[in-house]
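A short worksheet on the structure shown next.
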Amino acid sequence: MKTRLLALTAAVMLTFGILSGCGEVTEEPVREKLEHVWRSTEIELREDVSISSFAMAGDNVLMQASRYDEDAEEMIYSVIALDPETLEMSEQPLEIESQDTSMRSFAAMSDGSLLLLMQSYDMESQQTTYSVCKSQNGETSVLIDDVIPLFEAEASDRYGGGMYLRSIVVGANDNIYISADSSTIVLDSSLNKLYEVEHPDGLDSCTATADGSVYLKYYDFEGPSFMKLSRLDDAARGFGEDITLPDNNAVNNADLYFAEGYDVYIDTDNSVYGYNAADGQMVEICNWTNSNIIRSDVRDVFMLDDSRMLVSNSEVIESDDPEDWHVEESLLLLERIPDEELPEYYIVELAVAYMNYGLQNQIVKFNRQSEEYRVTLVDWSERQTEDMSSDELLSREIVAGNIPDMIILTNFGSEKNNWVAQGLFCDLYELMNNDESFDESSLDMEVLKKFETDGKLYEMVMYYTLGTIFAKAENVPGDSWTIAEFLDWAEALPDGVMISASYSTALNTILWSSLEEFVDFETGECSFDSELFGRVLEFAKNQQDVGYWRDVFGDDASQSELYRDNKIMLCEEMNIRETTSMLSSMYTMTDNIDDIVFVGYPMSGGNGALIYPSDSIAICDKSLVKDGAWEFVKYLLFNDSYYKYNMSGLPISTKAMDKYRESEVGMNCVFEENGWSSWGGDMTEEELEERLQYETGTYHKVTEADVDRLVSLAGDARLRATAHPLGQQIIDIINEETEMYFAGEKSLEETQQVIQSRVGIYVSERS
């Protein structure tokens with residue numbers, strides 16, 4: 001673990017709540033070893049074979065395999081037996097009679113025969129049935145024509161109301177366990193039903209261990225933790241002992257494996273941990289990122305022991321042509337690398353609020369091509385508790401002097417502004433200026449400058465979203481408005497008309513867009529005692545009980561009809577990520593989008609649009625490996641594959657924006673009432689005509705002008721007030737002080753004076 005230093009002691013930081021300003025870093029970076037690294041050895045399979053699940057049979061690992069025969073236009077199934085010591089394999093083809101039948105799961109009996117859980121769909125009756133078959137010596141016979149009648153529990157409605165069977169496993173004494181989402185039935189080897197256990201909140205997995213024990217991981221929303229792991233007790237014919245899992249969200253969503261060494265292995269998608277319930281400690285065994293494994297490519301994992309595992313991998317291979325891609329399937333043997341064999345690198349620690357597959361993908365790809373640096377991922381959601389959020393936990397580490405090199409600021413909402421105000425981050429403009437290879441024209445600097453703080457850039461915004469207000473031109477006085485003009489318009493509306501689908505948060509909506517109308521962040525000068533702010537508070541008080549449009553017009557009302565009948569006047573979209581979502585909102589209001597005006601939020605100047613960072617990264621000023629951190633930031637900005645995996649908003653990279661335009665322009669869409677569906681790219685006239693015959697809604701083909709209309713909003717957009725280091729705290733003060741006024745317990749004048757005083761003092765102290 002790296003040694004991190006702060007210029008101020010933890011005691012000073014706790015007292016004053018701030019970090020020292022940017023200063024020179026005098027220590028030199030050192031090379032270090034990564035932790036929990038495993039090497040991959042590919043086990044050769046025949047071409048186009050896909051491995052989808054594993055099971056143990058004696059000393060061999062059995063793998064469900066499938067491949068598509070293009071000539072016969074059918075799926076061919078088999079089971080491959082692998083000796084994990086010698087890596088020798090043998091394959092047993094499976095006879096599947098109908099192409100309407102697919103293999104759901106398999107298990108091995110003690111006599112070497114295989115049980116197959118098969119799913120069939122009858123087109124005429126539109127019914128799904130599940131059968132159990134036996135495969136031995138290349139021959140397949142049906143043991144149970146339809147398993148569903150053996151279940152007594154009602155089917156879960158999570159999958160459309162029908163019975164959905166998940167898996168079949170074999171435990172001690174060749175007892176057979178067949179799991180549906182709502183219950184698991186247990187049969188003896190002669191197919192007599194022994195008992196059934198219900199898990200009505202849903203099933204995650206059913207697993208047989210090497211000693212024949214069978215464990216269910218299932219949901220239980222009535223218990224203290226919504227995920228439970230229980231062993232089935234055949235003697236008691238029900239649930240037996242539980243393995244109490246650690247109580248955190250990452251574990252609740254983790255995959256569980258059973259092998260020697262630990263009670264259970266917990267795969268959080270960041271790392272695989274060994275866990276013994278007796279001591280309650282999770283011991284990290286394998287770190288996926290450090291091992292150069294892209295976790296989203298991993299289909300299935302089979303733990304052999306605490307230092308070996310098998311992984312079926314499915315990697316998408318892309319090229320510059322977005323339509324030229326293919327999937328490569330592989331089987332990997334992963335083995336832990338002893339620490340003494342590990343090389344050393346300059347390690348760059350990246351902190352995130354939660355693990356994102358697209359980001360982890362890019363970290364691995366960056367590490368594979370870098371000779372000097374290795375980016376490591378620390379997911380703070382894995383350490384989060386009911387009492388302490390990931391934001392608070394990371395802030396405590398920072399106060400203690402354990403500062404990461406980089407932070408993905410997305411989803412670190414409550415602490416981000418504090419970190420900026422504390423001087424935690426370095427000015428990225430300095431890194432740009434010192435990098436001779438960096439070309440500013442590769443970024444939309446006009447948009448990027450909107451995210452400055454006091455002329456410095458503390459976060460690299462890689463993707464951003466926009467917010468604005470649409471209206472039919474006939475319903476608003478112009479294409480923009482000040483706060484006073486908005487209030488004049490809103491107060492004059494007739495009864496029975498809603499301003500927007502929900503204006504119950506009217507105060508915050510105005511403050512997010514127009515806080516700067518009432519406070520100067522640099523001088524601390526405020527005008528919360530003004531007549532205009534008084535009107536804002538009065539308006540918000542009158543709107544606080546408006547509620548949502550369904551509360552006013554009923555559940556059966558059509559939102560689209562209410563817009564078109566001028567019963568709802570404004571459409572507020574706070575998070576526009578792409579052109580099609582913008583068009584969807586416009587077509588909800590009218591069939592002719594030329595009637596729509598982007599009136600925007602009430603503010604003086606600009607186009608009334610708000611801009612938000614949806615994906616941003618910061619480099620910590622005390623980092624000893626800023627060069628490596630900056631190289632990674634550039635990799636995220638300019639690497640094509642990150643754009644392909646990231647749908648969080650509009651890109652700041654000009655190259656990525658060009659690709660965004662290519663992907664949007666020409667998109668064939670049908671915008672249905674209260675929603676939209678997109679079809680994709682080019683179509684022939686015949687294909688288009690045929691498609692429109694069974695699609696209902698308004699057809700639209702996305703044009704350059706549509707994209708321009710969205711992107712142009714960013715040019716004059718204003719940063720939402722909560723993005724300013726002091727903005728959220730000021731809004732919190734205002735919300736706190738208006739509670740009594742809204743309740744009728746404090747006068748308007750008194751409320752304004754208290755807000756004026758508190759905000760003025762707060763801003764002056766921090767300016």
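Throughout, residue positions are numbered sequentially from 1 according to the sequence presented.
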Review point. Below 6.0 angstrom between ring centroids: does that apply to Phe425 and Tyr458?
Key: no
**Study point:** Student check: side-chain heavy atoms of Leu726 and Asn417 closer than 4.5 Å
**Key:** no
Review point. What heavy-atom pair brings Glu446 and Gly715 nearest, and what distance separates the two atoms?
Key: OE2-O, 3.8 Å
Review point. What is the minimum heavy-atom distance between Thr468 and Gly600, and which atoms define it?
Key: OG1-CA, 3.4 Å
Revision key, fill the gap. On a heavy-atom basis, the closest approach of Ser616 and Thr410 is N-OG1, 3.4 Å
Exercise for review: Locate the shortest heavy-atom distance separating Ser527 from Phe533; write the atom from each residue and the value.
Suggested key: O-CB, 4.1 Å
Check your understanding: For Phe598, is the NZ or CZ atom of Arg709 found under 6.0 angstrom from the centre of its six-membered ring and inside 45 degrees of the ring axis?
Key -> yes
Review point. Under 3.5 Å, is there a donor-acceptor pair between the side chain of Asn639 and the main chain of Leu636?
Key: no
**Study point:** Donor-acceptor pair between Asn575 and Thr465 side chains, under 3.5 angstrom
**Key:** yes
Exercise for review: Keeping the roles fixed (side chain from Glu392, backbone from Ser389), state whether a donor-acceptor pair exists under 3.5 Å.
Suggested key: yes
**Study point:** Under 3.5 Å side-chain donor-acceptor pair for Asn418 and Glu415
**Key:** yes
Review point. Just how far is it from atom CE of Met460 to atom CG of Leu409, taken to the nearest 0.5 Å?
Key: 12.0 Å
Practice item. Look at the side chain of Thr738 and the backbone N and O of Ile734, then say whether any donor-acceptor pair between them is shorter than 3.5 Å. Key: yes
Review point. Can you name the one residue among Thr580, Leu583, Val670 that meets side chain to side chain contact (heavy atoms under 4.5 Å, CB included) with His700?
Key: Leu583
Practice item. Calculate, to the nearest 0.5 Å, the distance between atoms OG1 and CD1 belonging to Thr722 and Ile730 respectively. Key: 11.5 Å
Exercise for review: Look at atom CD of Glu690 and say whether more than 12 heavy atoms of other residues, nucleotides or ligands are closer to it than 6.0 Å.
Suggested key: no
Practice item. Please step through salt bridge (charged side-chain N to carboxylate O under 4.0 Å, His left out) for the pair Glu459 and Lys416, ending with a clear verdict. Key: CA-CA 10 Å; Glu459 63 176 320; Lys416 170 186 164 182; 3.0 Å; yes
Point to revise | Flag for Asp435-Trp630: side-chain donor and acceptor within less than 3.5 Å | key: yes
**Study point:** SB check Lys567 Glu561 (cutoff 4.0 Å)
**Key:** no
Review point. CD/Glu485 to OG/Ser480 distance, rounded to the nearest 0.5 angstrom?
Key: 7.0 Å
Exercise for review: Would you mind checking if Asp595 and Lys472 are paired as a salt bridge, meaning a charged N to carboxylate O distance below 4.0 Å?
Suggested key: no
Exercise for review: Indicate whether any N or O donor in one side chain lies under 3.5 Å from an N or O acceptor in the other, for Thr703 and Asp706.
Suggested key: yes
Check your understanding: Does Arg661 come within less than 4.0 Å of Glu578, counting only side-chain N to carboxylate O?
Key -> no
Check your understanding: Taking it one step at a time, do Leu493 and Ile499 satisfy side chain to side chain contact (heavy atoms under 4.5 Å, CB included)?
Key -> CA-CA 8 Å; Leu493 288 175; Ile499 295 172; 3.7 Å; yes
Review point. Hey, what do you get for CE (Met603) to CG (Asp716), rounding to the nearest 0.5 Å?
Key: 10.5 Å
Review point. Among Val375, Leu377, Asp379, Leu359, whose side chain to side chain contact (heavy atoms under 4.5 Å, CB included) with Thr289 holds?
Key: Leu377
Check your understanding: Are Glu573 and Ser585 close enough that a side-chain donor and a side-chain acceptor fall under 3.5 Å?
Key -> yes
Review point. Do Thr482 side-chain atoms and Pro602 backbone N/O form a donor-acceptor pair below 3.5 Å?
Key: no
Point to revise | Salt bridge Glu491-Arg535, side-chain N to carboxylate O under 4.0 Å | key: yes
**Study point:** Nearest atoms (heavy-atom pairs only) where Ala501 meets Ile568
**Key:** N-CG2, 3.6 Å
Check your understanding: Would you say the side-chain atoms of Tyr635 and Gln369 include a donor-acceptor pair closer than 3.5 Å?
Key -> no
Point to revise | Ion pair check, Arg564 and Asp591, cut-off under 4.0 Å | key: yes
Check your understanding: Going by atom types alone, do Asn735 and Asn508 pair a side-chain donor with an acceptor below 3.5 Å?
Key -> yes
Check your understanding: Under 4.5 Å between any side-chain heavy atoms of Val711 and Asp708, yes or no?
Key -> no
Point to revise | Short N-O contact, Lys450 and Asp444, less than 4.0 angstrom | key: no
Exercise for review: Using distance alone, with no hydrogens and no angle criterion, decide if Gln360 and Asn356 have a side-chain donor and acceptor under 3.5 Å apart.
Suggested key: no
Review point. Would you say the side chains of Tyr429 and Glu452 form a donor-acceptor pair under 3.5 Å?
Key: yes
Point to revise | Any donor-acceptor N/O pair, Asp615 side chain to Tyr463 backbone, under 3.5 Å | key: no
Practice item. Please work out which of the three classes, parallel, tilted or perpendicular, describes the rings of Phe539 and Phe486, given edges at 30° and 60°. Key: perpendicular
Point to revise | Taking every non-hydrogen atom, the tightest pair across Ile611 and Leu719 | key: O-CD1, 3.5 Å
Review point. For Glu685, does the CD atom have more than 12 heavy-atom neighbours from other residues, nucleotides or ligands under 6.0 Å away?
Key: no
**Study point:** Residues Tyr660 and Thr579: side-chain donor-acceptor under 3.5 angstrom
**Key:** yes
**Study point:** Check against side chain to side chain contact (heavy atoms under 4.5 Å, CB included), Ile293 and Val364
**Key:** CA-CA 7 Å; Ile293 299 292; Val364 171; over 6 Å; no
Point to revise | Validation row, ring centre Trp380 to ring centre Tyr354 under 6.0 Å | key: no
Exercise for review: Could you please spell out the steps behind the side chain to side chain contact (heavy atoms under 4.5 Å, CB included) verdict for Asn367 and Asn292?
Suggested key: CA-CA 7 Å; Asn367 288 345; Asn292 272 347; 3.8 Å; yes
Practice item. Any chance you could lay out the ring-ring contact (aromatic ring centres under 6.0 Å, His included) test for Phe632 and Tyr373, step after step, and finish with the verdict? Key: CA-CA 9 Å; Phe632 180 70; Tyr373 301 103; over 10 Å; no
Check your understanding: Distance from Phe470 atom CZ to Thr590 atom OG1, nearest 0.5 Å?
Key -> 13.0 Å
Point to revise | Sidechain-backbone polar pair: Lys626 side chain, Asp621 backbone, donor-acceptor under 3.5 Å | key: yes
Check your understanding: From Glu440 CD over to Thr654 OG1, what is the distance, rounded to the nearest 0.5 angstrom?
Key -> 12.0 Å
Point to revise | Donor-acceptor side-chain pairing of Ser604 and Glu517 below 3.5 angstrom | key: yes
**Study point:** Side-chain donor/acceptor of Tyr612 to backbone N/O of Met574, under 3.5 Å
**Key:** yes
Review point. Backbone N or O of Asn475 within a donor-acceptor pair of the Trp489 side chain at under 3.5 Å?
Key: yes
Check your understanding: Can a donor-acceptor pair be found between the side chains of Ser500 and Glu572 at a distance below 3.5 Å?
Key -> no
Check your understanding: If you measure only the distance, is there a donor-acceptor pair under 3.5 Å linking the side chains of Tyr357 and Asp269?
Key -> yes
**Study point:** Chi angles and distances behind the ring-ring contact (aromatic ring centres under 6.0 Å, His included) call for Tyr601, Trp512
**Key:** CA-CA 9 Å; Tyr601 291 93; Trp512 284 341; 8.4 Å; no
Check your understanding: Counting distance only, does the side-chain N/O of Asp479 pair as donor-acceptor with the main-chain N or O of Val599 below 3.5 Å?
Key -> no
